[in-house]
Amino acid sequence: VQLQASGGGLVQAGGSLRLSCAASGLTLDHYALAWFRQAPGKEREGVAYTTGSSTPMGTPIDYADSVKGRFTISRDNAKNAFYLQMNSLKPEDTAVYYCAADRSYSKLRFGVGPFAFWGQGTLVTVSS
């Protein structure tokens, strides 16, 4: 059972990247999902969050203030995967990005780990 993050790379400021997180051994439809990042020398930061699609809450989505309007989290239950579309990238977005899944949206939203599933990370480097 695992999450596999991919799609990182080197991009110039103002560019775009799309990160993917593929799940194996679990059905993402039953989980809240999130992307986190950690830059060198900094604490882990939550970036984007979404609930499981099969909850009475619907599918609220939230973002860190630093990425609102630039990043979009989405999911594809048919492919058992979720994504982070990152536009207008800035050098301060440089970090290792991790995907996570948990039954509890609140745990993800407030960063209260450990989470049920945690991907291995993919490096995003934004050059100025």
Side-chain angles (χ1 to χ4, degrees):
V1 178
Q2 65 175 357
L3 297 177
Q4 181 77 30
S6 62
L10 174 63
V11 63
Q12 288 188 332
S16 298
L17 281 175
R18 187 192 193 210
L19 305 184
S20 299
C21 185
S24 59
L26 70 152
T27 302
L28 289 180
D29 186 43
H30 302 157
Y31 290 86
L33 309 171
W35 288 94
F36 293 83
R37 67 185 181 187
Q38 188 163 21
K42 295 188 176 181
E43 293 187 355
R44 185 184 70 193
E45 174 189 23
V47 173
Y49 320 86
T50 186
T51 65
S53 59
S54 58
T55 72
M57 295 170 59
T59 54
I61 294 174
D62 203 3
Y63 299 94
D65 288 342
S66 58
V67 307
K68 279 182 179 177
R70 300 188 298 121
F71 289 12
T72 303
I73 187 172
S74 62
R75 64 195 302 157
D76 186 335
N77 291 332
K79 295 184 177 179
N80 209 28
F82 63 110
Y83 310 96
L84 185 68
Q85 178 67 42
M86 305 185 295
N87 298 328
S88 301
L89 282 162
K90 304 175 181 180
E92 51 263 43
D93 294 319
T94 295
V96 177
Y97 284 72
Y98 300 90
C99 53
D102 199 281
R103 297 281 190 178
S104 170
Y105 176 77
S106 294
K107 284 183 63 178
L108 292 173
R109 181 62 184 85
F110 296 106
V112 182
F115 308 121
F117 301 101
W118 183 257
Q120 88 290 358
T122 184
L123 176 62
V124 172
T125 304
V126 184
S127 63
S128 57

Distance-only donor-acceptor check, side chains Glu92 and Ser66, under 3.5 Å: no

Lys/Arg-Asp/Glu bridge criterion (N-O < 4.0 Å) met for Lys68, Asp65: yes

Donor-acceptor under 3.5 Å (Asn80 side chain, Ser24 main chain):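 No, Asn80 side chain to Ser24 backbone: no donor-acceptor pair under 3.5 Å.
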
Short side-chain to backbone donor-acceptor contact, Arg109 and Ala34, under 3.5 Å: no

Taking the side chain as every heavy atom from C-beta outward, state whether [X] and [Y] have any pair of such atoms under 4.5 Å apart.
{"X": "Leu19", "Y": "Arg37", "result": "no"}
{"X": "Tyr83", "Y": "Arg75", "result": "no"}
{"X": "Asp93", "Y": "Met86", "result": "no"}
{"X": "Leu108", "Y": "Phe36", "result": "yes"}
{"X": "Phe71", "Y": "Leu89", "result": "yes"}

Residue pair Asp62 / Tyr105: nearest heavy atoms and the distance that separates them: CB-OH, 3.6 Å

Shortest non-hydrogen separation from Ala13 to Pro91 and the atoms involved: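 Residues Ala13 and Pro91, closest heavy atoms: CB-CD, 4.1 Å.
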
Reported [atom1]-to-[atom2] distance for the pair [X] and [Y], which is rounded to 0.5 angstrom:
{"X": "Leu33", "Y": "Asp102", "atom1": "CG", "atom2": "CG", "value": "10.0 Å"}
{"X": "Leu84", "Y": "Tyr63", "atom1": "CG", "atom2": "OH", "value": "8.0 Å"}
{"X": "Ile61", "Y": "Thr72", "atom1": "CD1", "atom2": "OG1", "value": "8.0 Å"}
{"X": "Leu3", "Y": "Ser20", "atom1": "CG", "atom2": "OG", "value": "12.5 Å"}

Matching residue for Trp35 among Tyr97, Tyr98, Phe82, Tyr49 - test: ring pair (Phe, Tyr, Trp, His ring centres under 6.0 Å): Phe82

Under 3.5 Å, sequence neighbours excluded: what are the donor-acceptor pairs made by side chains of residues 110-128?
{"from": "Gln120", "atom 1": "OE1", "to": "Ala5", "atom 2": "N", "distance (Å)": "3.1"}
{"from": "Gln120", "atom 1": "NE2", "to": "Ala5", "atom 2": "O", "distance (Å)": "2.8"}
{"from": "Thr122", "atom 1": "OG1", "to": "Gly8", "atom 2": "N", "distance (Å)": "3.0"}

